[in-house]
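Before any comments, here is the structure.
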Amino acid sequence: MAFSSTGSLCFGIIIILSLLESLCACQRCSSRKPAQDITNQDGKHDHKTWLFSVNGRKRPYSFLDDYGNLIGFDVDLVAKVCQIAKKRCKMVLTEFTECSITSRDINYPGRGLMAEWFDGCPGYVKSIDREGAFDFTDPYLNTYASFTVAPGNPKAFDPDSSDYSKFSLTHLTGAVTNSKCLARLDKTVGKIIIAADLPEAKALLLNRSADVLFSPRSKIPDLEVLPQRVHCDAGGTAVMLKKGSNLAQWWNPAFQSLVDSGDYQKLCEESRIKYNASIRCMVSPPHSNPDTSEHHDKKVWLFSASGRRKPFNYLDDKGRLVGFDVDFVQEVCRVAGRRCANVLQEFTECTFTHRNTNFPGRGLMDGWVDACTGYGNTLDRESAFDFTDAYLRSTSYYSVAPGNPSGFKPTDTDFSKFTFTHLTGAYTNAKCLSRQGKKFGKIIIAANLPEAKALILNKTADVLFSPRSRIPGLESLPQEVHCERTGVAIMVKRGSPLPDWWNPAFRTYVESGQFSQLCRNSSTKYSYPIDCLPDDATLRYS
Ligand SMILES: *[C@@H]1O[C@H](CO)[C@@H](O)[C@H](O)[C@H]1NC(C)=O
Ligand SMILES: *[C@@H]1O[C@H](CO)[C@@H](O)[C@H](O)[C@H]1NC(C)=O
Ligand SMILES: *[C@@H]1O[C@H](CO)[C@@H](O)[C@H](O)[C@H]1NC(C)=O
Ligand SMILES: *[C@@H]1O[C@H](CO)[C@@H](O)[C@H](O)[C@H]1NC(C)=O
């Protein structure tokens, strides 16, 4: 076998290049300083490098200077706190959407934070609605919210008025200056446009698509920031963390000693001069007591909640993540002696549909969360997920446009004349229709409930098949359908160890009578019938 001459020439060059490269690499390592020997409080060597995400656009807190150096108050603060805590830390540039995103008015954690690309996002405002999605360190900066208008305030927007409904507001995706904050401030709002970034928000104001930008900024070039200040925060600006993170365990005491030594105020003074800017330092930063509970260093099991299934998991008017599933998870975890947290996450991270098959979502497969609460255990899902024992009854319904204009009859066996729609990931899918002995035609997969409703109302689809008995604006037919095997359960990644501890704890909870008590209490608390499985059923299925 002969190599072509050009081929062997290239091959030779590649070998020489790689030799040169390894030679250079060797020189680099020999000239590099040995890594600092970091020993933590327990005297154990801690080799983890903690990463802090910034996007390099937040002057004077974290920004790239003209030459590309990442500098700013947050950068200096992280270095100081890590030094005190004897932790190895680095900043990492990522887009801010890796920390947090807004989807249909809910703040969800970003991919980077959930997938643990990094450990913390400095400079994020702690707020009630973010507490359903994130943990936080103790706050280290003050914050406020303000209203920005086009120069001259052409629409005469008055921040002190309680009725904003005539104005169209905009805020940045992921911001705490959102509709929940306006609700906490008792404002009536009209249209809200979510802007992808500040340039887009500015363009919206300058071309009059929006009247007011609600943001935490005191100055925005070319626009007018009105003098009124309001608060969307729950105590200030902090490092935002993935739920269950143990970063605050070492960060908070180290930050506290920075404050106690006077070095925090010194850093603030130095930074004001160094960055020629005002820094919103606190006079006396509050501090929480370290968690000294027996379980404080155990794993926190994360249970995903979309925040869109009232009364099971939803954001109340103040923005708090509440609901029966949220309470139930805490109860069973208490019985099991496990640390658990409910975390807001888009439902498509748990499951989605592609070509009439339900697949597990990225968040569940990639360990962003340990479990997805409130999913029916259907036959087809059982090839994609594992489930705990069921705890709620599951019932599905056909919903149509008011008056059932297509004349859909749930009792027929041939549905092929009708166009169906269901939400992506739903168990009310093609496989369930087949198990019911139905023939079906076209099925459109909707990205979310508003889209499914729009499809019905604009006659693109005739029937929405879903586990919901009431959908405002649609008519749900009375026929009940059962797609599930035993009921609604906690859905986990295949092979997850969660059911091994959950099921015995749940059984204990049922046997003690507390489960039926929780169900009764919750029906009152949430003014909605919570359809729990009866005790004998839950015990039989175990
Ligand atoms: C105004 O600006 C936004 C953002 O750039 C753009 O999406 C929108 O189409 C513009 N509207 C008008 C009426 O120019
Ligand atoms: C500091 O900022 C002020 C106002 O923002 C500006 O007028 C001044 O020139 C700046 N000083 C330096 C040294 O950049
Ligand atoms: C009906 O609504 C859907 C979802 O909003 C949209 O994608 C589709 O274009 C609409 N179709 C018609 C005919 O208006
Ligand atoms: C249910 O409510 C009763 C009375 O308010 C209370 O004593 C009990 O602890 C509650 N049980 C559960 C499981 O929530």
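It should be emphasised that the depicted structure is a prediction, and the values quoted were computed from it without experimental measurement. All ligand and atom numbering here is 1-based and tracks the order in the structure.
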Query raised in the report: Take atom NZ in Lys80; do more than 12 heavy atoms of anything else shown fall under 6.0 Å from it?
Result: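 Result for NZ/Lys80: open.
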Requested in this report: Verify the contact flag for atom 2 (O) of ligand 2, where contact means a protein heavy atom under 4.0 Å away.
Outcome: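 Under 4.0 Å from atom 2 (O) of ligand 2, at least one protein heavy atom found.
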Report task. State whether any protein heavy atom lies less than 4.0 Å from atom 9 (O) of ligand 3. Result ->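 No.
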Query - Distance filter under 4.0 Å to Gln514 heavy atoms, resulting ligand 4 atoms - result: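 Contacts of ligand 4 toward Gln514, numbered from 1: 13 (C).
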Query - Per-atom contacts, ligand 4 versus Gln517 - under 4.0 Å to a heavy atom - result: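 Those qualifying, in numeric order: 8 (C), 10 (C), 11 (N), 12 (C), 13 (C).
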Query raised in the report: Which atoms of ligand 3 are found less than 4.0 Å from any heavy atom of Thr460?
Result: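 Listed by number with element: 1 (C), 11 (N).
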**Report entry** For Leu455, the ligand 3 atoms whose distance to one of its heavy atoms is below 4.0 Å
**Finding:**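 In order of numbering, the contacting atoms are 3 (C).
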Query raised in the report: Are Arg280 and Tyr144 in a cation-pi contact, defined as NZ or CZ under 6.0 Å from the six-membered ring centre and within 45° of the axis?
Result: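 Checked: cation-pi criterion met.
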Report task. Could you check Ser523 against Phe324 for side-chain contact (heavy atoms from CB on, under 4.5 Å), going step by step and ending with a plain yes or no? Result -> CA-CA 9 Å; Ser523 297; Phe324 173 79; over 6 Å; no
Residue, atom name and distance, where the atom is the protein heavy atom closest to [atom]:
atom: atom 5 (O) of ligand 4; value: Asn521 ND2, 4.6 Å
atom: atom 12 (C) of ligand 2; value: Asn276 ND2, 3.2 Å
atom: atom 11 (N) of ligand 3; value: Asn458 ND2, 2.9 Å

Report task. Have a look at Trp502 and tell me which of Tyr509, Phe303, Trp301 forms a ring pair (Phe, Tyr, Trp, His ring centres under 6.0 Å) with it. Result ->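 Among Tyr509, Phe303, Trp301, the one that satisfies the ring pair (Phe, Tyr, Trp, His ring centres under 6.0 Å) with Trp502 is Phe303.
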Query - Candidate list Phe328, Phe387, Trp501, test ring pair (Phe, Tyr, Trp, His ring centres under 6.0 Å), partner Phe506, passing option - result: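 Exactly one option meets the ring pair (Phe, Tyr, Trp, His ring centres under 6.0 Å) with Phe506, and it is Phe328.
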Query raised in the report: What heavy-atom pair brings Tyr275 and Asp76 nearest, and what distance separates the two atoms?
Result: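 Result for this residue pair: OH-OD2, 2.7 Å.
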Report task. Could you tell me whether Arg309 and Asp325 make a salt bridge, using a distance below 4.0 angstrom between a side-chain N and a carboxylate O? Result ->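 No, this pair does not count.
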